[in-house]
Amino acid sequence: MRDPYEVLGVRKGASKEEIKKAYLELVKKYHPDKFKDNPLRELAEEKLKEINEAYNILMNDQYSNYEYSTYEQTSLYQQVRDLIMQGNIAQAEILLNQNPRNDAEWFYLMGIIYQKRGWINQAYRYFVEAYNRDPGNYEYRRAKEQFEMASRNYEWSAYNRGYRRHDDCNICTICQIIACWECCCDNDIGC
């Protein structure tokens, strides 16, 4: 990651108020919602991710140790992200578990791992924890909200003991279609 002061466009040693002001201005400028249906949306998301990371480093007083611990942490998280992108979920999980952290990024990455495995409930819990630890991070908020929106589209079905989409075809719908079809065929309508 680039120098967090450079990313936010503030001088080294800037006060927390100056950092926060610069951060809020950049969030407004690069928020992906401003780029709906625009090919620059993905670029804005990446830029916002970098802005959030820089802000977190500076606001958590980690920059004094940035050369060492934050670099190592960022490097670890980048390795995990790379492994996930390569589809090597097992190795990404091993790497995270060998280096347990108590920060939002750790929980977010673990959520992605569980999501890739299809363990939706566990993934959602990790995304919520990441969001709770850093509610200002767009990436964490987006992951949490996507799960919440998806869960609204599903309902519990006692019949099949699982979840189904509202618009999915079920056995009752199939029976109705067959009955209607037979009715039409009995009246010699196009059969």
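Below, all heavy atoms of this structure are taken into account, side chains as well, without hydrogens, waters or symmetry copies.
Atoms CG and CZ, on N137 and R142 in that order, are 11.5 Å from each other to the nearest 0.5 Å. Atom CG of N56 is separated from atom CD of E105 by 9.0 Å, given to the nearest 0.5 angstrom.
At a threshold of 4.5 Å between non-hydrogen side-chain atoms, the residues L8 and I51 count as touching. No side-chain heavy atom of Y131 sits less than 4.5 Å from a side-chain heavy atom of F107. Within the 4.5 Å cutoff, the side chain of R11 has heavy atoms near those of the E18 side chain. In this structure, the side chains of K29 and K47 stay at 4.5 Å or more apart for every pair of heavy atoms.
Taking the six-membered ring wherever Trp is involved, the centroid distance between the rings of Y23 and Y55 falls below 6.0 Å.
Of all heavy-atom pairs between M110 and L96, the closest is N-CD1, 3.7 Å. The minimum heavy-atom distance linking G136 with N52 is given by the pair O-OD1, 3.6 Å. What you find for A123 and G111 is that their closest heavy atoms are CB-O, 3.3 Å. Taking every heavy atom of both residues into account, E93 and Y114 meet most closely at OE2-OH, 3.8 Å.
Using a 4.0 Å cut-off between charged side-chain N and carboxylate O, E17 and K21 make no salt bridge. Contact check on E129 versus R133 returns a salt bridge, with a Lys/Arg side-chain nitrogen under 4.0 Å from an Asp/Glu carboxylate oxygen. Between R81 and E53, no side-chain nitrogen of the basic residue sits less than 4.0 Å from a carboxylate oxygen of the acidic one, so the salt-bridge criterion is not met.
For I112, the side chain to side chain contact (heavy atoms under 4.5 Å, CB included) test picks out I84, Y108, L109, K116, F127, with sequence neighbours left out. Remark: Y138 pairs with H31 by the ring pair (Phe, Tyr, Trp, His ring centres under 6.0 Å) rule, at least two apart or across chains.
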side-chain contact (heavy atoms from CB on, under 4.5 Å), that's the test. Do F147 and I120 meet it? Break it down for me.
CA-CA 9 Å; F147 266 82; I120 304 305; 3.3 Å; yes

Chi angles and distances behind the side-chain hydrogen bond (donor to acceptor under 3.5 Å, both in side chains) call for D82, Q86
CA-CA 6 Å; D82 291 345; Q86 295 166 8; 5.6 Å; no

Before you tell me yes or no, could you show the steps for E145 and R141 under salt bridge (Lys or Arg N to Asp or Glu O under 4.0 Å), namely the whole-Å CA-CA distance, both residues' side-chain angles and the distance that decides it to 0.1 Å?
CA-CA 6 Å; E145 288 174 353; R141 187 182 79 222; 3.5 Å; yes

Set out, in order, the CA-CA distance, both residues' side-chain angles and the distance that settles side-chain hydrogen bond (donor to acceptor under 3.5 Å, both in side chains) for E148 and Y124, then state yes or no.
CA-CA 9 Å; E148 290 169 350; Y124 177 69; 3.0 Å; yes

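When the side chains of ILVMFWY residues are joined at heavy-atom separations under 4.5 Å, either directly or via intervening members, Y126 and I94 end up in two distinct hydrophobic clusters.
Atom NZ of K20 sits in a sparse spot, with 12 or fewer heavy atoms from other residues, nucleotides or ligands closer than 6.0 Å. Other residues, nucleotides and ligands contribute over 12 non-hydrogen atoms within 6.0 Å of the NZ atom of K49.
With hydrogens and angles ignored, the 3.5 Å screen pairs no side-chain donor or acceptor of Q98 with any backbone N or O of L95.
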